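Values reported hereafter were calculated over all heavy atoms of this structure, with side chains retained and with hydrogens, waters and symmetry mates removed. Remember, predicted model here, so these are calculated numbers, not experimental data.
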Amino acid sequence: MSSRDQFTTKIGFILAAAGSAIGLGAIWKFPYMAGTNGGSVFILLFILCTFFIGLPVLIAEFMIGRRGQKDAVTSFKEQAPGKPWYLIGWGGMIIAGLILSFYSVVGGWILSYLARAFTLQLTSSSTHINYADLFGSIISSPFEAVLVQGLFMLLTVVIVSAGIKGGIEKASTWMMPLLFIFFIVLVVRSLTLDGAMEGVKFMFVPDWSYFNAETFLMALGQAFFSLSVGIAVMITYASYLSKTEKIGNSAINVASMNIIISLLAGLVIFPAVFALGYTPDQGPGLVFIILPAVFEQLPLGGLFLTIFFILLLFATVTSSISMLEIVVAIAIGDKAEKRKKVAWMGGIIIFIFGIPSALSFGILSDVKILDRSIFDFVDFLTNSIGMPIGALLISIFAGYYYTKDISRKELASSSMMFTIWYILIRYVSPLAIFIIFIQGILPLFK
């Protein structure tokens with residue numbers, strides 16, 4: 001008799017899966033990618049790529065996980081006995097652990113900002129803060145960088161060690177609604193600023209001069225990575241889902257929530273940025289440097305900045321717990337009694353692996369791998385190589401190893417929806433993922 005935990009409600013599963021997808025990609029990366037790639041055209045392409053390229057792979061992961069009802073390695077072993085497909089599960093576990101090792105570093109930065117916000121050190125009315133210097137001091141301080149990275153990993157481990165129902169589902173079902181509520185509050189505040197409509201136009205009135213191959217590739221990459229596909233995280237979550245649930249609708253809900261949160265992030269940032277005289281093409285520093293400077297000029301700016309970093313923390317945690325969960329799920333199998341021990345061991349190992357990334361902006365800043373800092377190299381290794389390979393193999397498995405009858409039975413949708421998905425997963429998604437992969441590794445040959 002299996003002792004595996006399960007999601008108790010469909011909405012709990014959707015919120016947990018959406019939380020995995022809605023992380024730094026939606027709130028940190030999406031605004032600066034849109035800001036540096038023309039805004040509206042990038043956003044339009046991002047939405048189209050999400051539904052026609054990312055969503056089919058997300059559905060494929062849901063199918064594999066829900067059908068297997070086991071961890072990612074065992075699911076492939078039992079569905080493809082004697083074949084090496086199970087290596088997708090092992091690869092996903094390794095890539096997820098590596099992502100979490102540097103993801104926890106950024107989570108730590110968020111904790112640093114929150115600590116300063118709660119102690120009223122940000123957006124002070126009496127002193128002007130140089131946020132570029134502040135951010136530089138946080139990421140370059142060895143003690144602070146490692147301390148907050150460890151605290152973020154501690155929070156992640158505590159939630160995962162509590163299990164699916166008592167930890168991941170519980171955390172997701174209160175964090176995700178609060179995420180939406182906080183975003184609505186911030187959007188309303190941003191849209192009431194004088195000159196805010198310039199930011200809205202930037203997001204929704206197309207500037208077709210940006211409609212080119214480069215913008216398409218940037219949007220394609222953002223859509224793909226923002227759904228957390230390719231590392232078997234969604235296979236793991238779907239394995240805790242009842243076989244009676246319809247996975248097609250759940251996947252559409254997750255993709256839609258990811259798009260909505262991305263758009264809300266843009267509606268918080270771009271109207272405020274334009275209204276207060278900044279430009280949107282600030283790159284990765286948009287959230288940590290430009291946004292605090294923007295809030296500094298608003299009445300109650302400290303309060304709104306604190307709310308923003310709270311919701312950024314929520315989004316980051318709901319992603320980090322999914323990445324630790326795949327490691328725990330594979331390590332414990334059906335032996336739920338080992339969850340706490342494995343969660344702590346896995347968390348400690350990933351924390352140790354992440355220390356060089358945490359120090360790569362300070363005492364290890366001179367250490368370069370392929371002309372990249374340690375942090376950037378791990379990011380490159382996972383996002384440009386590991387995830388595309390994983391997603392390509394998953395799309396091939398679902399599109400070609402599964403028979404059409406198995407796929408139709410698992411998807412349990414209308415014939416039209418199944419036909420569309422089947423065409424996309426066999427032909428469109430693999431080609432797009434291959435393009436992302438080639439684009440990602442091209443810098444190696446320059």
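Of all heavy-atom pairs between E61 and V233, the closest is OE1-N, 3.9 Å. Looking at every heavy atom in both residues, R339 comes nearest to V160 through NH1-O, 3.0 Å. Heavy atoms only, all atoms of each residue included: I110 and T316 are closest at CD1-OG1, 3.3 Å. Heavy atoms only, all atoms of each residue included: T318 and S172 are closest at CG2-OG, 4.5 Å. In plain terms, the two heavy atoms of L324 and G347 that are nearest each other are CD1-N, 4.1 Å. The two residues I363 and P142 come nearest to each other via the heavy atoms CG2-CG, 3.7 Å.
Ring-plane geometry between F135 and Y113 is classed as tilted, the angle between the planes lying from 30 to 60 degrees on a 0 to 90 degree scale. The aromatic rings of F30 and F42 sit tilted, their planes meeting at an angle between 30° and 60°. Using a 30° and 60° split on the angle between ring planes, F152 and Y103 fall in the tilted class, from 30° to 60°.
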Query - From CA spacing to verdict: side-chain contact (heavy atoms from CB on, under 4.5 Å), S104, F351 - result: CA-CA 8 Å; S104 60; F351 165 69; over 6 Å; no
Requested in this report: Begin with the C-alpha distance, continue with both residues' side-chain angles, and end with the deciding distance and a verdict on side-chain contact (heavy atoms from CB on, under 4.5 Å) for E410 and I64.
Outcome: CA-CA 9 Å; E410 288 298 320; I64 296 166; over 6 Å; no
Query raised in the report: V158 and L155: side-chain contact (heavy atoms from CB on, under 4.5 Å), yes or no, with the steps?
Result: CA-CA 5 Å; V158 168; L155 178 59; 5.6 Å; no
Query raised in the report: So I394 and F397, side-chain contact (heavy atoms from CB on, under 4.5 Å) or not? Walk me through it.
Result: CA-CA 5 Å; I394 287 167; F397 181 84; 5.6 Å; no
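Inter-residue side-chain proximity for F118 and I310 is flagged as met; some heavy-atom pair is nearer than 4.5 Å. Two residues are said to be in side-chain contact when any heavy atoms from C-beta on lie closer than 4.5 Å; P430 and R426 fail this criterion. Side-chain contact check for N37 versus L45: every heavy-atom pair is 4.5 Å or farther apart. Within the 4.5 Å cutoff, the side chain of V378 has heavy atoms near those of the S101 side chain. Side-chain atoms of L191 and M197, non-hydrogen and from C-beta on, do get closer than 4.5 Å to each other. You'll find the side chain of F304 reaches within 4.5 Å of the side chain of V185, heavy atoms only. Taking 4.5 Å as the limit, some side-chain heavy atom of E325 sits within range of a side-chain heavy atom of Y240. Taking 4.5 Å as the limit, every side-chain heavy atom of I433 sits out of range of all side-chain heavy atoms of F437.
Under 3.5 Å, the side chains of S250 and N253 contain no donor-acceptor pair of N or O atoms.
Annotation for F51: atom CZ counts as buried by contact number, over 12 foreign heavy atoms lying within 6.0 Å. Heavy-atom contacts from other residues, nucleotides or ligands closer than 6.0 Å to CZ of F418 number more than 12. The environment of CZ in F180 is crowded: more than 12 heavy-atom neighbours from other residues, nucleotides or ligands sit within 6.0 Å. Atom CZ of F380 is surrounded by more than 12 heavy atoms from other residues, nucleotides or ligands within 6.0 Å. More than 12 non-hydrogen atoms from other residues, nucleotides or ligands lie less than 6.0 angstrom from NZ of K368.
Between F314 and W174, the ring center distance clears the sub-6.0 Å criterion.
Considering CG of L241 and CD1 of I247, their distance stands at 8.5 Å, rounded to 0.5 Å.
Judged purely by atom type and a 3.5 angstrom limit, S141 has no side-chain atom pairing as donor or acceptor with the backbone of S137.
Checked against side chain to side chain contact (heavy atoms under 4.5 Å, CB included), T50 has the following partners two or more places apart in sequence or in another chain: F46, A223, L227, A255, I259.
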